[in-house]
Amino acid sequence: MNVADSNRVAAALEDLDYTPTKLPNQADVIVLNTCVVRESAEQKAIGRLTSLKPLKLKNPDLVINLMGCLVGIHGYSELRRLYPYVDVFSQPSDPRPLVDHLQGKDLTTKKHQEISDILDTEFAYKLPSTKENAVVTAFLPIVFGCSHACSYCIIPLRRGKEISRPPDEIISDANTLVASGVKEITLLGQIVDRYGQDQPGYPRLGTLLRKIHQIDGVQRIRFLTSHPNWMTDDILDAVADLPKVMPHFELPNQAGDDVVLRNMRRGYTIDQYIKVIEKIRKRLEDVSIATDIIVGFPGESEAQFNRSVDLLKTVRPDMTHVARYSPRPGTYSARKLIDDVPQEEKMRRFRIIEKLQEQISAEINQKFFGKKVPVFFEGKSKDRWRGRTHTNKLVFVDDKANLLGKIMNVEITWAGPWSMIGVIEPTSG
Ligand code: SAM
């Protein structure tokens, strides 16, 4: 989401004739877009913000814009006091305060933080044209904010309530992205499956996927993040019917124990989660599923943690994004529950999940060895081409040809837990 928001701001700056620089000390404007979903992310953001102070002291004309979840939607007087060298504060996704500032508009008369400008149609979700390398993949937010309120999660507090974007704007942005060379679009929302449900008359995600599917030039469509309670037949039908929609689901689980899940306010039980996974796998044969697990949630006992381990052994996801719980200011869990699992114990649990997932991923990926799979190439990492299978597996290929944006058949010659290596099939292309 932040990558997409940063591109939105970069494109808005480009429309004002700014050009990018890699060197902060040469910049006229610095935008620091921030994430605070975990304490470590917040510390990193504050570290970067602090490192900008000497630049401002050296060059008082430098405009510093602090953006994103560190600012949030509820005002920023405390941040202004702590970081007086910041010129502009803006809530997540919103380029308006910076653009107004650069155009010399009087901000003191506007209560920016009370007026959400994230839907401002002046600012498309497009890529800046001055980007250094050709870009063939892009993120496109379709739902802002979140109204679910998991007990540990700061996102609803900082990004506000769920707002689906109008479908015609999404289609327009998708067309703009395609016109700039993008071939794979990933639709984003905290609960992307809920698209349209907050706005009367809007289509649902399945219908939106069908509309985007019709755009010439779009080769692949992905969407994330899903929530077990909102995985409808309409979505599964769209994935099954539409060849450009990739059969990959990001379906966070968060914990393997029903009491922990209830304390997290996730809104489902383990049984229900497993049933959703079974339903997806029954409907779509060749499908991959990634999940999220939080370890060390307040009160999580050894036995409860072991149920997360058991769940992963049962579900065998293709990938697990594992996080150590950290209390986030203002959330229910930070206010009401004691963060009683020691850091070392969180780390131990983290490593157990990581190791288990490594083993599961290695076993799943081993089945690709010797197989030929279509791979979409999205760029280069060092000297090798980097691409993804339908099911989001990372594949590296050494090849002299320009593969960027191409879908090629690749024979897998090595398969590890986190990536695979292959060679282009000679007749492919
Ligand atoms: N919207 C998605 C969902 O419903 O789960 C994911 C959103 S969040 C950006 C990404 C992940 O961060 C979550 O799935 C969760 O595992 C993790 N996370 C969120 N709050 C956390 C916290 N307080 N401590 C540790 N991990 C957290």
Side-chain angles (χ1 to χ4, degrees), residues 1-5 33-45 68-70 72 92-93 139 141-164 186-195 197 205 222-231 249-257 260-261 263-268 272-273 276 289-300 305 308 311-312 317 319-341 343 345-347 349-350 353-354 357:
M1 195 69 90
N2 276 343
V3 170
D5 287 347
N33 196 5
T34 54
C35 168
V36 297
V37 72
R38 287 182 281 273
E39 201 184 340
S40 52
E42 178 159 355
Q43 280 165 358
K44 196 167 157 191
C69 285
L70 190 59
S93 311
F139 294 114
I142 63 169
V143 188
F144 292 122
C146 184
S147 297
H148 187 89
C150 299
S151 67
Y152 53 82
C153 188
I154 197 169
I155 291 178
L157 304 174
R158 298 297 173 94
R159 283 189 174 266
K161 69 173 177 16
E162 175 184 85
I163 308 175
S164 295
T186 302
L187 307 178
L188 301 179
Q190 296 301 334
I191 302 184
V192 73
D193 321 324
R194 277 191 45 84
Y195 175 73
Q197 304 208 16
L205 181 61
R222 298 185 184 276
F223 57 91
L224 60 94
T225 303
S226 292
H227 184 288
N229 292 9
W230 304 101
M231 184 52 61
F249 293 85
E250 293 279 339
L251 197 63
N253 166 263
Q254 312 296 10
D257 179 83
V260 178
L261 277 183
N263 291 338
M264 287 179 162
R265 299 188 167 166
R266 287 291 292 174
Y268 52 82
Q272 287 165 329
Y273 182 79
V276 174
I289 292 171
T291 194
D292 293 13
I293 291 280
I294 297 176
V295 296
F297 186 77
E300 187 190 60
F305 165 68
S308 291
L311 181 80
L312 292 191
M319 178 61 80
T320 297
H321 311 289
V322 48
R324 284 165 288 158
Y325 170 77
S326 55
R328 306 310 296 126
T331 58
Y332 177 86
S333 70
R335 286 183 288 115
K336 303 280 185 194
L337 307 176
I338 301 165
D339 181 19
D340 54 359
V341 180
Q343 285 306 329
E345 179 57 16
K346 284 181 188 164
M347 198 60 203
R349 294 179 189 184
F350 177 93
I353 299 285
E354 238 190 4
Q357 186 58 50

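All residue numbers refer to positions in the sequence shown, counting from 1. Counting starts at 1 for both ligands and their atoms, following the listed order.
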Item to complete: Given side chain to side chain donor-acceptor pair (under 3.5 Å), test S333 with Y325 step by step and report yes or no.
Response: CA-CA 10 Å; S333 70; Y325 170 77; 2.7 Å; yes
Would you mind writing out a table of all protein N or O atoms found under 3.5 Å from any N or O atom of ligand 1, naming both atoms and giving the distance to 0.1 Å?
from: ligand 1; atom 1: 1 (N); to: Q190; atom 2: O; distance (Å): 2.7
from: ligand 1; atom 1: 1 (N); to: Q190; atom 2: OE1; distance (Å): 3.2
from: ligand 1; atom 1: 4 (O); to: R266; atom 2: NH1; distance (Å): 3.3
from: ligand 1; atom 1: 5 (O); to: Q254; atom 2: NE2; distance (Å): 3.1
from: ligand 1; atom 1: 5 (O); to: R266; atom 2: NH1; distance (Å): 3.2
from: ligand 1; atom 1: 12 (O); to: R38; atom 2: NH1; distance (Å): 3.1
from: ligand 1; atom 1: 14 (O); to: Q254; atom 2: NE2; distance (Å): 2.7
from: ligand 1; atom 1: 14 (O); to: D292; atom 2: OD2; distance (Å): 2.5
from: ligand 1; atom 1: 16 (O); to: Q254; atom 2: OE1; distance (Å): 2.9
from: ligand 1; atom 1: 23 (N); to: Y152; atom 2: O; distance (Å): 3.1
from: ligand 1; atom 1: 23 (N); to: S326; atom 2: O; distance (Å): 2.8
from: ligand 1; atom 1: 24 (N); to: S326; atom 2: N; distance (Å): 3.0

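Across all non-hydrogen atoms, the minimal contact from P141 to F144 is CB-CE2, 4.2 Å.
Of the possible polar contacts, none joining the Q357 side chain to the I353 backbone as a donor-acceptor pair under 3.5 Å is found.
Between H321 and E250, the side chains place a donor N or O and an acceptor N or O closer than 3.5 Å (distance only, hydrogens not considered). Between T291 and N253, the side chains place no donor N or O within less than 3.5 Å of an acceptor N or O (distance only, hydrogens not considered).
Because its NZ or CZ atom is both nearer than 6.0 Å to the ring centre of Y332 and within 45° of the ring axis, R265 counts as a cation-pi partner of that residue.
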